[in-house]
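None of the values given here were measured: they were computed from a predicted structure. Heavy-atom basis, side chains included; hydrogens, waters and symmetry copies ignored. Whatever order the structure lists ligands and atoms in, that order sets their numbers, starting from 1.
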Amino acid sequence: MSNAENFTDLGLDPRLSTILDHQGISEPTEIQARAVPTAITGHDLIASSKTGSGKTLAYLLPTMQRLMRQKALSKKDPRALILAPTRELAKQVYAQLRSLISGTTYKAALVLGGENFNDQAKALAKNPHVVVATPGRLVNHLDERSLFLDGLELLILDEADRMLDLGFTEQLNRINQTASHRLRQTLMFSATLEHAAVNSMAKTLLKAPKRIAIGAANAEHADIEKRFYLTDHLDHKQALLERILETETYQQVIIFTATRPDTERLSQLLSAKGLKTAALSGDMSQTDRNKIMDSFSRGQQQVLITTDVASRGLDLLQVSLVINFDMPKQAEEYVHRIGRTGRAGAKGVAVSLVGPKDWDAFRRVESFLQQSVNFSELDGLKGKFKGIKDAPAAKAKPEKTLVARRPKRVVKAPQDRKNRRQANREIVSDDGMAPLKKKKTD
Ligand code: AMP
């Protein structure tokens, strides 16, 4: 895990090491070993670290140490504010925080969009020491004056890249200005530091930060076996999916699809096969999402089918298999999806089904991972699709192991990438079927 033998070696208060010991956590992970000593000395910090690497404790432990060892600037305002992009991640962080403060007199509050505002205002009126929040709702509380941040000592941004991608820039600026105490310390965590908006936000928020880059987002997840299958069309994908679910050994599996109708359709299909299945999508009410996540994390279903709504922040140790039924649009999303397995040293398998419609996304993932991919095959389920060869005018790319096939339609101006893309799309329908097959619109 890391060179530090234990948490007290990192300068952590022995009372905190004892709490961790009781949770069976005795050896710091690499991000903890590097971030904790820097953060407890009061430095601002920008850190990258891969999913499942223990980054939550890397900032919660310094937060706790501050509460325990330093005098508060204000008796009323929260001392620390942790911002997360999604409700799921915020809840996960809050749960870890609660397990650290249980048995102490410290108080924490959770402030999420989609949940009762007045209940949150009441919880904030009890002057919690730490607030965990999603940015939009937090700003609502500032507007309604149910929260003040003048006394804030520590501002933490978890998955800053994702917050910015989701359009929270304005809210982050507002929070930054409201909590502008000159003694404020700020810690920023991001899946990647190679992100223009993250760097520009870091310039606004951080003072002379230390920079820690661990396991870049595209680094190999050593504990996750990545497998890719080429697929011809939707029926072929379904057949592969069913075979994989029959033959793989797993406790729980998450299947990612591109659209909500696919989520529902697959859920019905797999339920009909006798698998205990739950489907989660972004347009559900928060109460329904909570119910589904709670019952899945308690092991009441084997299969969770979802769109990217669940790809971040879920800490589900039972999930040993992740299936990309459709490839994610953004390469970094792939890393987050597969990061749902192989948590904290557990082994995991990540299977991706790559049809003609997924090809561009697959190529982005391949170059992001900086690995060339050998496709796997299943007996009796070998497809015809062999990938789409880059047109000659495309930027020079390293040799691929793929046997690539040029699209049948001749493109007159191969140097025109837009035309070429368009042409490639025309030879397959939206669901990856051969020509003439129309996408289902249910
Ligand atoms: P995170 O990357 O913060 O989401 O953490 C992933 C999982 O690793 C969580 O279940 C943590 O409880 C667990 N974890 C964090 N730090 C350690 C550690 N030092 N030793 C063992 N497990 C840990």
Q. Quick one: do Glu264 and Arg260 make a salt bridge, cutoff under 4.0 Å?
A. yes

Q: Search all heavy atoms of Arg265 against all heavy atoms of Phe325 and return the closest pair with its distance.
A: NH2-CE2, 4.5 Å

Q. With only distance considered, is Pro28 within less than 3.5 Å of ligand 1 through an N or O on each side?
A. no

Q. Which of the atoms in ligand 1, numbered in the order shown and given with their element, are less than 4.0 Å from a heavy-atom of Leu57?
A. 15 (C), 16 (N)

Q: Just jot down the ligand 1 atoms closer than 4.0 angstrom to any heavy atom of Glu27, in number order.
A: 18 (C), 19 (N), 20 (N)

**Q.** Under-4.0 Å heavy-atom contact with ligand 1, by part of Gln92 that carries it
**A.** neither

(Q) Tell me the closest heavy-atom pair linking Leu97 and Ala108, and the distance in Å. (A) CD2-CB, 3.6 Å

(Q) Between Tyr106 and Leu67 (side chain of the first, backbone of the second, donor and acceptor by atom type, cut-off under 3.5 Å), is there such a pair? (A) yes

Q) Which of the numbered atoms in ligand 1 are below 4.0 angstrom from a heavy atom of Thr56? A) 1 (P), 3 (O), 4 (O)

**Q.** Heavy-atom closest pair, residues Pro135 and Met163
**A.** CG-SD, 3.6 Å

Q: Find all atoms of ligand 1 within a distance of less than 4.0 Å from any non-hydrogen atom belonging to Lys55, and give their numbers and elements.
A: 1 (P), 2 (O), 3 (O)

